[in-house]
Amino acid sequence: MKSDAYELIRAGILSSSQSLVKKLAMARKKEVEGYLVRRHGHGTHYASDSTSTGHNEVPDSDLKVPDITVPKLHGKFDASAGAVSLEDGFMSLEVPRWQDQLTMRGLMVAFFLGFLFCIITHKLNLTVGIIPSLNISAGLLGFFFIRMWTAISSKCGFFTKPFTRQENTVIQTCVVSCYGIAFSGGFGSYLLGMDQATHDKISAAGAGDIPGNEDVKNPGLGWMTAFVFVVSFVGIFSIVILRKIMIIDYRLTYPSGTATGILINSFHTPGGVEIAKTQVTCLGKYFTLSFVFSAFKWFFSGIGDSCGFDQFPTLGLKAYHNMMYFDFSMTYIGAGIICPHIVNVSVLLGAILSWCLLWPLIASYEGIWYPAGLGSSNFKGLYGYKVFIAIAVILGDGLYNFIVILYKSGKELHAHYASHNQLPVSNAEILDPIDRDHARRSEIFMKEGIPPWVAFTGYVILASVSVIVIPHIFNPVKWYFVLICYIFAPILAFCNAYGCGLTDWSLASTYGKLALFIFGAWAGTNGGVLVGLAVCGVMMSIVSTASDLIQDFKTGYLTLSSPRSMFVSQLIGCAMGCVLAPLTFWLFWTAFPIGDPDGLYKAPYAIVYRSMALIGVEGFSALPGHCLEICYVMFAAAVVINILRDTLPKRISKWIPIPMAMAIPFYIGGYFAIDMFVGSIIRFVYEKIDKPKSDIMTPAIAAGLICGDGVWTIPSAILALSKINPPLCMYFYKATDPLAAVAY
């Protein structure tokens, strides 16, 4: 988007003084009234032209806008006039070479933080199975440890290189890549679902007589390390060539990546830029508020997952049981502040459509369409509708946009070579600070890229190695299963990266489940359960790693970090994760009774994934009645909605929701949609009160809220690892049923 997210994405770069606020308002008025921009192959274009454009080119109603022109000198600016941007404050500092952004001290800090975050991820994975984004925590801790490193070195008389925001970004990228393996490696889900204990639990439940359920593979440090090494690197090469389209052309928000970039910039801003001081103060205020409130909530969260503010039935108990409640999450409120209004409204609309209308309607056919009395996570019941209808909408939206991107990319590439490889130029001598920042960031982002042949060659070679090695690790898996998985993986990786850019949700596990069902059904009784779980791991690793990479590219774009240094740091972090993730899991496996239903580490998703694999062996025919027919309708609806967004006039299309965003809450629940909508209301009210100041301060507010809640994850995990439980449990029940409290 432009008017809503245009300044937010490149947030907070003008002075907060009243005079500069007035200048910003005048600049925005001039922008709306229209200015001339010349782009090769597009003729002359007015910013205020009301001609209908595609939804990927609507400047004020979507995340995706056309390129802002990149003048060689980034325009002229007069510092005395006060129009100072964030990057103007960094102009006196030379951008380090991409090799200099990778430092030994940075890699050592990244290794330590990667080890810490792998432990946290395993802890969460083996208890509740929900992993929040730790990008911001990685950026903060990276800054803290390097600052401490340089302070100690200086006191000891050693020379230290200056600590730059680019080095900070590279550390953060390396840490995220490392601990991401602990999640996508499936140590609490599909890999653990292969072991004998999980098999025996499901067999005791009456499913052991299904042919194809016989194969098991107990955890082993050697084969698990080999597996993650083989599959984890491929995702890095899968969609790296689309970085320009995702970050510059489409301007996807990537809330966590944006908040992390804003945070890193605020730490490294040189003196003389007034807005940075104001933003840092604002960020610190809301960071403290979020951290303290998250700590306060912990005291009431009790043992398990049914206590505290996170389970607060704000809309009533009936709405609570339908996953519609406000859970006081500062992370999701902050994401709602960053995300454009249309995204937040789309997510809330999807939650209302699914949890208030569609699921209660389908539930009324219990015993007719599907057997009565099934568990809430049984794919033969209502849960099967939730997951597969969400997948249908996501695939419809993602595949449509993938085809559109291919068409537009080819068209732009042809226009680029037709213009003799010249970059577009602007006829405006003076760029406002926002455009000047974007111009400089775009130039750096495109200056040191990754050649397409590197991405293509790397993907082909690594995929070939996987095709050979994986059948040796899992005997029932055929080589052509893996090959087909790698052929379609880039499409699904794009779908996930696109959706993550909209809402900050990675649906890697959803795409993994899709592969689990397809290949489990294909293998059938010939080891179908093990085949489904293994191929699920291949798909999850690719899709998750690709999404993390583009998220980190967003951070790098905002901090003028070289894509090449980030790409290399992603590879290094992935290698660290392939060693640290299995080792830290092995500590848990040998020290605790993993999977014990009465213990702390129940590993709930191990049973869920093996149960899904059993259904996969029976094929899609095992799904509840009319599920596939509904999926076909929803897939077509997603495509039609996108076509309408592309073809209708802007005044109409800007009100049409985004199908990808609508699908997110379909099976997750509507609680986070309400949180994000609250964030959208906060920004909307702020904009009505003081729009120019809102454009400056809301990104800092959002970053502070996300940072505080994200950093609290670390002490809360340490408390959990130390077996220190919250002292209180705040639980709700009907006043007419006092025995509910006794039963609890």
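Nothing here was measured: the structure is a model prediction, and the numbers come from that model. Here, residue 1 is the first one in the sequence, and each next residue gets the next number. The analysis underlying the following values was restricted to heavy atoms, covering all of them including side chains, and did not include hydrogens, waters or symmetry mates.
A 4.5 Å side-chain heavy-atom check between Asn125 and Ser189 finds every atom pair outside the cut-off. Residues Pro665 and Phe672 form a side-chain contact, since some pair of their non-hydrogen atoms from C-beta on lies under 4.5 Å apart. Residues Trp712 and Lys297 fail the side-chain proximity criterion, which asks for heavy atoms closer than 4.5 Å. Between Ile681 and Val685, the closest side-chain pair of non-hydrogen atoms falls below 4.5 Å. With contacts defined as side-chain heavy-atom distances shorter than 4.5 Å, the pair Leu644/Ser653 does not qualify. When side chains are defined from C-beta on, Ile352 counts as touching Met324, because their heavy atoms get closer than 4.5 Å. For the pair Tyr286 and Met697, the minimum side-chain heavy-atom distance is 4.5 Å or more. A 4.5 Å side-chain heavy-atom check between Pro727 and Phe299 finds at least one atom pair inside the cut-off.
Taking CG of Asn265 as the start and OG1 of Thr169 as the end, the distance is 7.5 Å to the nearest 0.5 Å. Here the straight-line distance linking atom CE of Met246 with atom OH of Tyr498 works out to 9.0 Å at 0.5 Å rounding. A distance of 8.5 Å separates CZ of Arg683 from CD1 of Ile337, quoted to the nearest 0.5 Å. For the atom pair Asp548 CG and Ser184 OG, the distance stands at 7.5 Å (nearest 0.5 Å). Distance check, rounded to the nearest 0.5 Å: CH2 of Trp655 to CG of Leu648 gives 14.5 Å. For the atom pair Asp327 CG and Phe309 CZ, the distance stands at 11.5 Å (nearest 0.5 Å).
Annotation: side-chain contact (heavy atoms from CB on, under 4.5 Å) contacts of Ala363 (sequence neighbours excluded): Tyr370, Leu382. Legend: residues meeting ring-ring contact (aromatic ring centres under 6.0 Å, His included) with Phe117, ordered by chain and number and at least two apart, are Tyr179.
Judged by distance alone, the side chain of Asp690 and the main-chain N or O of Tyr686 form no donor-acceptor pair under 3.5 Å. Although no hydrogens or angles enter the test, the distance criterion places no donor-acceptor pair under 3.5 Å between the side chain of Ser547 and the main chain of Ala497. Judged by distance alone, the side chain of Arg441 and the main-chain N or O of Thr559 form no donor-acceptor pair under 3.5 Å. Panel note: side chain Ser290, backbone Leu705; a donor-acceptor pair is recorded below 3.5 Å. Using modelled atom types, one side-chain atom of Ser301 and one backbone atom of Trp298 make a donor-acceptor pair closer than 3.5 Å. Side-chain atoms of Asp397 come within 3.5 Å of backbone atoms of Met660 as a donor-acceptor pair (strictly under, hydrogens ignored).
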Verdict with supporting geometry, His268 and Phe143, side-chain contact (heavy atoms from CB on, under 4.5 Å): CA-CA 10 Å; His268 296 270; Phe143 177 86; 3.6 Å; yes
Residue pair Asp646, Tyr400: steps toward the side chain to side chain donor-acceptor pair (under 3.5 Å) verdict: CA-CA 11 Å; Asp646 273 347; Tyr400 173 86; 2.5 Å; yes
Residue pair Glu687, Lys693: steps toward the side-chain contact (heavy atoms from CB on, under 4.5 Å) verdict: CA-CA 8 Å; Glu687 288 172 343; Lys693 190 175 180 180; over 6 Å; no
Criterion side-chain contact (heavy atoms from CB on, under 4.5 Å) on Tyr511 and Cys495, from CA distance to verdict: CA-CA 9 Å; Tyr511 296 107; Cys495 294; 3.3 Å; yes
Residue pair Thr555, Thr260: steps toward the side chain to side chain donor-acceptor pair (under 3.5 Å) verdict: CA-CA 6 Å; Thr555 303; Thr260 306; 4.6 Å; no
Met662 and Leu353: CA distance, side-chain angles, deciding distance, side-chain contact (heavy atoms from CB on, under 4.5 Å) verdict: CA-CA 9 Å; Met662 292 180 64; Leu353 175 66; 4.1 Å; yes
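Taking both residues in full, the closest heavy atoms of Ile342 and Lys654 are given as CD1-O, 3.7 Å, listed atom of the first, atom of the second, then distance. Between Arg243 and Ile550 the shortest heavy-atom distance is CA-CD1, 4.3 Å. Nearest heavy-atom pair, Ala351 versus Gly670, reported as atom, atom and distance to 0.1 Å: CB-CA, 3.7 Å. The heavy-atom pair separating Val543 from Ala508 by the smallest distance is CG1-CA, 3.9 Å. Shown here for Ser329 and Asp675, the closest heavy-atom pair between the two residues is CB-OD2, 3.5 Å. Scanning both residues, Gln551 and Gly257, for their nearest heavy atoms gives OE1-N, 2.9 Å.
Aromatic ring pairs are classed by plane angle as parallel below 30°, tilted from 30° to 60° and perpendicular above 60°; the pair Phe326 and Phe328 is tilted. Taking the six-membered ring for Trp and thresholds of 30 and 60 degrees, Tyr320 and Tyr325 have ring planes inclined between 30 and 60 degrees apart. Between Phe666 and Trp359, the ring-plane angle classifies as perpendicular under the 30° and 60° cut-offs.
In the displayed structure, Phe293 atom CZ is contacted under 6.0 Å by more than 12 heavy atoms of other residues, nucleotides or ligands. More than 12 heavy-atom neighbours from other residues, nucleotides or ligands sit within 6.0 angstrom of CZ on Phe291.
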